[in-house]
Each structure stands twice: as structure tokens, then as C-alpha cells.
There are 2 protein chains.
Amino acid sequence: MDIDRTDFAILRLLMKNAWLSNKEIAAAVGLAPSSCHERIKSLRARGILKSAHAEVNLEAIGFALAAVLFVQLGKLEDHVVDEFLRSTAAVPEVRGVSLVSGRFDLIVHVAVRDMEHLKEIISKHFNRHAVVTRVETSVVFNHETQHAMPLSDSDAFA
Amino acid sequence: MDIDRTDFAILRLLMKNAWLSNKEIAAAVGLAPSSCHERIKSLRARGILKSAHAEVNLEAIGFALAAVLFVQLGKLEDHVVDEFLRSTAAVPEVRGVSLVSGRFDLIVHVAVRDMEHLKEIISKHFNRHAVVTRVETSVVFNHETQHAMPLSDSDAFA
DNA sequence: CTGTCAAACGAATAGATTTCGTTCGTATGA
DNA sequence: TCATACGAACGAAATCTATTCGTTTGACAG
């Protein structure tokens with residue numbers, strides 16, 4: 001399950017742009033298309049390269065407001081917490097959920113149309129569950145996701 | 001800049017799996033490949049469909065620990081804050097940064113190898129900048145990202 | 001030196017994308 | 001009501017790509 005610098009270069013390219021053709025990737029990493037294809041197949045088979053997802057401009061389709069919810073949960077049984085986690089991740093407006101240690105238990109990122117919509121999500125989903133003891137809400141002014149490998153080029157590799 | 005239910009279906013499919021072929025998408029939404037191709041080109045041209053990114057299993061390549069940093073900033077000038085934002089997003093281990101209202105100013109998700117690595121990131125990047133007044137750290141036990149449209153199927157559309 | 005193994009190569013085939021001329025259906029205005 | 005204009009979908013042709021597979025290369029161990 002080790003990765004050499006060629007694999008790494010392929011992953012870096014695909015994280016930046018999953019719509020690159022095999023031919024383009026091959027040229028960029030200095031391999032024949034067939035060899036590059038084998039590499040990518042192997043990365044997928046080994047579970048290193050998992051999937052690809054299109055990024056949609058949510059603001060352009062009416063989801064103009066983003067928020068982060070800091071949720072505290074009561075000391076309930078595991079399966080109750082797990083169930084709430086699953087149901088939270090299934091809320092369409094929820095973009096991501098993290099179960100964390102510390103002051104809060106859940107960090108939830110949401111995309112909504114407006115304040116009214118935000119209020120509705122919080123009251124209908126979070127404040128309605130017994131497991132939730134408190135929700136703090138922050139408006140997101142600016143968000144940036146990094147679609148790159150968590151290693152700089154200069155870091156040694158294989 | 002409006003979206004009908006066919007566009008919506010295309011976006012939903014591509015968010016779930018950006019590696020679907022045009023032919024497959026066409027079949028799924030009930031269009032000829034050429035028509036579907038026109039739709040996708042239009043969505044890209046209108047800025048609704050932005051890009052696609054491969055998802056890499058970071059745990060499989062040694063980044064076994066995820067954390068969220070809650071950062072408070074001092075009341076400094078805008079350009080200082082902006083500069084810090086940009087430099088934070090450029091840290092390889094940083095997966096996402098949100099500038100938010102409320103108790104904290106920055107919510108930063110990071111992927112690191114281990115606790116040692118986490119400590120290094122915090123002390124080398126965050127605690128070294130004058131603009132940072134405080135950092136609280138939470139370990140991420142579990143994270144789920146939703147790669148779906150923020151609307152349920154039942155919601156009315158065009 | 002020699003045998004083995006994994007990776008890369010290149011050519012051939014199968015399959016997909018992309019373009020374009022045409023058709024269909026609808027909405028608009030005479 | 002009829003004619004026209006417009007946008008969307010279609011189907012076929014051409015181009016380009018993915019994918020497979022037999023062969024070659026290079027590294028390493030015996």
C-alpha cells in the first residue's frame with residue numbers, strides 16, 4: 001500500500017481536476033497512456049482513489065447563505081447519537097458533519113437560501129431532537145476548500 | 001440563469017459521481033447523448049457546474065488524524081486578516097477554512113499524520129502569527145461530507 | 001550471469017465524445 | 001388561425017479516447 005512519486009502526481013492532478021483525461025494525465029506525469037491507465041486502476045483498486053464529485057455553484061441556484069452550527073449533545077446512549085448523526089447527514093441542506101471532541105460535539109456546515117430557511121433547519125431538525133442540548137450558529141462570510149494533496153512538493157517522497 | 005428538472009438531475013448525478021460518462025448521464029435523465037452534452041456544456045458556461053475533484057483516502061496514505069481548529073483573531077486591519085486567510089488556506093494540511101461570525105473567527109479543518117504533526121501545524125502556523133489571539137483544537141472522530149444537491153427530490157422544481 | 005517479476009510500452013480494437021444539419025414543439029405576433 | 005421564429009432534442013458521421021494485451025525493458029536476487 002505504498003505510493004511513489006508518480007502515483008502522487010496522478011492523485012494531485014485528479015484532486016485538482018477530476019475531469020482530466022487519462023491521456024492528459026499521462027502526458028503530465030511522463031507516462032504512456034496505457035501505463036498511466038494501469039496506475040489509476042491500481043489506485044482505485046487499492047482504495048486510495050475513492051471517487052470524484054462535481055462542484056456545483058450553490059449560490060447560483062439560490063443557496064446564498066452558508067452557516068456553521070456548533071451542536072452540543074446530551075450524554076445519551078451510543079446508538080441514539082449514531083442515529084442522530086445519520087439523520088443529520090441526511091438533511092439535504094447539510095454539506096458536512098463532524099463528530100468532534102471538546103466543547104462541542106458536532107460541527108455542521110449547512111447551505112441555505114436565507115435566514116428564514118436557516119431558522120427552519122435549526123428548529124425543525126436540531127431543536128426538535130432530545131439528544132441536542134444546545135446549538136450555536138455562525139454565519140459563513142467566506143469559505144475555501146483545498147483540493148490539493150496535504151503535502152508540499154518539496155516534501156520527500158518514495 | 002434558471003435550472004429545470006433535467007439540469008437538476010444532471011447536477012445531482014455529477015455531484016454523486018463526476019466520473020459518469022456523458023452516455024450514462026444521458027440514459028439516466030432520458031436524453032440523447034448529444035442533447036445531454038449540450039446541457040452539460042451550458043451548465044459549465046453559466047458557471048453553475050464549476051469543477052470536479054477526486055476524493056483521495058488520506059488515511060490510506062498516512063494522514064490518520066483529522067482535527068478542527070477554532071481560531072480567534074485580533075481586531076486588525078482587513079488586509080492583515082485577508083493575508084492570514086490566504087496563507088492559512090495555502091497550508092498543505094488545511095482541508096478547508098471558513099471565516100465566520102460569532103465566538104470564533106476561523107473554523108479550520110486539517111488532516112495530519114499524528115498528534116506531533118498537529119502540534120507542529122498549530123505552533124508553526126497559527127501561534128506564530130500576531131493576528132491569532134487564541135486557538136482551540138478538537139479531534140475529529142468521524143466526518144461525513146454530503147455530495148448531493150441541497151434539495152430533496154420531493155421539493156418542487158421548474 | 002541468469003532467471004524472475006513488476007512496470008512500461010505500443011499497437012489494435014472497441015467505445016465515447018463532439019459536431020452539425022435537421023426536426024419537432026411551442027410561443028409569438030400578424 | 002396561420003405563419004414565423006426560437007430553443008431544445010435528435011441521429012449520424014467523424015474524431016478522439018479508453019482499454020486490452022502481447023512484448024520489451026530494467027531492476028534485483030540467486
Side-chain angles (χ1 to χ4, degrees), chain A residues 1-62 147 149 151 153 155-158, chain B residues 1-62 147 149 151 153 155-158:
Chain A
M1 180 76 77
D2 59 333
I3 297 288
D4 65 13
R5 68 182 59 211
T6 303
D7 286 331
F8 186 80
I10 291 171
L11 294 175
R12 185 153 42 101
L13 288 166
L14 284 175
M15 277 189 87
K16 210 178 297 175
N17 181 8
W19 283 331
L20 286 171
S21 69
N22 177 57
K23 197 189 174 189
E24 289 170 311
I25 298 165
V29 302
L31 280 181
S34 56
S35 310
C36 185
H37 184 245
E38 288 300 323
R39 289 263 191 174
I40 292 172
K41 268 208 302 188
S42 165
L43 286 168
R44 303 242 268 151
R46 286 184 281 167
I48 295 167
L49 188 49
K50 295 205 291 190
S51 57
H53 306 279
E55 190 185 337
V56 171
N57 185 353
L58 294 179
E59 294 180 20
I61 61 170
H147 298 291
M149 285 277 130
L151 273 179
D153 294 338
D155 289 332
F157 222 99
Chain B
M1 182 72 81
D2 58 334
I3 297 288
D4 65 14
R5 69 182 58 212
T6 303
D7 286 332
F8 187 81
I10 291 170
L11 293 176
R12 186 153 40 101
L13 288 166
L14 283 175
M15 274 190 88
K16 209 178 296 173
N17 181 7
W19 283 331
L20 286 173
S21 69
N22 178 57
K23 197 189 174 190
E24 289 169 312
I25 297 165
V29 303
L31 281 179
S34 55
S35 310
C36 185
H37 184 245
E38 289 299 325
R39 290 264 191 174
I40 292 172
K41 270 207 303 189
S42 164
L43 287 168
R44 303 243 268 152
R46 285 185 281 165
I48 295 167
L49 187 49
K50 294 206 292 190
S51 56
H53 306 278
E55 191 185 336
V56 170
N57 186 352
L58 294 179
E59 294 179 20
I61 59 170
H147 297 292
M149 285 276 131
L151 274 179
D153 293 339
D155 290 332
F157 223 98

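First the proteins, then the strands, lettered A, B, ... as listed; each starts at 1.
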*Asks:* Enumerate the residues from residues 23-42 of chain B whose closest heavy atom to DNA chain C is under 4.0 Å, giving them by residue number; use none for an empty result.
*Replies:*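 Hits under 4.0 Å, by residue number: B:Lys23, B:Ser34, B:His37, B:Lys41.
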*Asks:* Counting only heavy atoms not in B:Glu38 (residues, nucleotides, ligands), do more than 12 fall under 6.0 Å from its CD?
*Replies:*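 For B:Glu38, atom CD is crowded (more than 12 foreign heavy atoms under 6.0 Å).
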*Asks:* Return the set of residues passing side chain to side chain donor-acceptor pair (under 3.5 Å) with A:Thr6 (not counting sequence neighbours), or none when no residue passes.
*Replies:*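 A:Thr6 satisfies side chain to side chain donor-acceptor pair (under 3.5 Å) with no other residue.
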*Asks:* Who pairs with B:Glu24 by side-chain contact (heavy atoms from CB on, under 4.5 Å), at least two apart in sequence or on another chain?
*Replies:*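 Here the qualifying residues are B:Leu20, B:Ser21.
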*Asks:* Please find the pair of heavy atoms, one from A:Ala28 and one from A:Leu13, that lie closest to each other, and give the distance.
*Replies:*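 Nearest pair, atom of A:Ala28 first, then A:Leu13: CB-CD1, 3.7 Å.
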*Asks:* Please list, chain by chain and in numerical order, all residues satisfying side-chain contact (heavy atoms from CB on, under 4.5 Å) with B:Ser35, sequence neighbours excluded.
*Replies:*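 For B:Ser35 the side-chain contact (heavy atoms from CB on, under 4.5 Å) partners, ignoring immediate neighbours, are B:Leu31, B:Ala32.
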*Asks:* Please find the earliest and latest nucleotides of DNA chain D, in the 5' to 3' direction, that have an atom within less than 4.0 Å of any heavy atom of chain A.
*Replies:*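 So the outermost contacting nucleotides come out as D:dT17 to D:dT20.
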*Asks:* Looking at every heavy atom in both A:Ala54 and A:Trp19, which two are closest together, and how far apart are they?
*Replies:*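 Shortest heavy-atom separation between A:Ala54 and A:Trp19 comes out as CB-CZ2, 4.1 Å.
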*Asks:* If the condition is ring-ring contact (aromatic ring centres under 6.0 Å, His included), which residues does A:His37 pass it with, not counting sequence neighbours?
*Replies:*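 Listed in chain order: nothing, the list is empty.
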*Asks:* Tell me the closest heavy-atom pair linking A:Ala9 and A:Val29, and the distance in Å.
*Replies:*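 Distance-wise, the nearest heavy atoms are CB-CG1, 3.8 Å.
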*Asks:* Quickly work out the B:Asn22 CG to C:dA16 C1' distance and round it to whole Å.
*Replies:*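 Going from B:Asn22 (CG) to C:dA16 (C1'), I get 9 Å.
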*Asks:* Tell me, please, which residues at least two apart from A:Met149 pass side-chain contact (heavy atoms from CB on, under 4.5 Å).
*Replies:*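 Once residues adjacent in sequence are excluded, the partners of A:Met149 under the side-chain contact (heavy atoms from CB on, under 4.5 Å) criterion are A:Phe8, A:Leu11, A:Arg12, A:Met15, B:Val56, B:Ile61.
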*Asks:* Pull out every protein N or O sitting under 3.5 Å from an N or O of nucleotides 22-26 of chain C, one pair per line with the distance.
*Replies:*
none

*Asks:* Which heavy atom of A:Cys36 sits nearest to which heavy atom of A:Ile10, and what is that distance?
*Replies:*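 Shortest heavy-atom separation between A:Cys36 and A:Ile10 comes out as SG-CD1, 4.2 Å.
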*Asks:* Please examine the side chains of A:Arg39 and A:Asp4, heavy atoms only from C-beta on, and report whether any two atoms are closer than 4.5 Å.
*Replies:*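 Yes, at least one pair of side-chain atoms sits under 4.5 Å.
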*Asks:* Check salt bridge (Lys or Arg N to Asp or Glu O under 4.0 Å) between B:Lys50 and all other residues, then give those that pass, not counting sequence neighbours.
*Replies:*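 Partners of B:Lys50 under the salt bridge (Lys or Arg N to Asp or Glu O under 4.0 Å) test: A:Glu55.
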*Asks:* Short of 4.0 Å, heavy atom to strand atom, which residues of residues 49-57 of chain A count as contacting DNA chain C?
*Replies:*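 Within residues 49-57 of chain A, no residue comes under 4.0 Å of DNA chain C.
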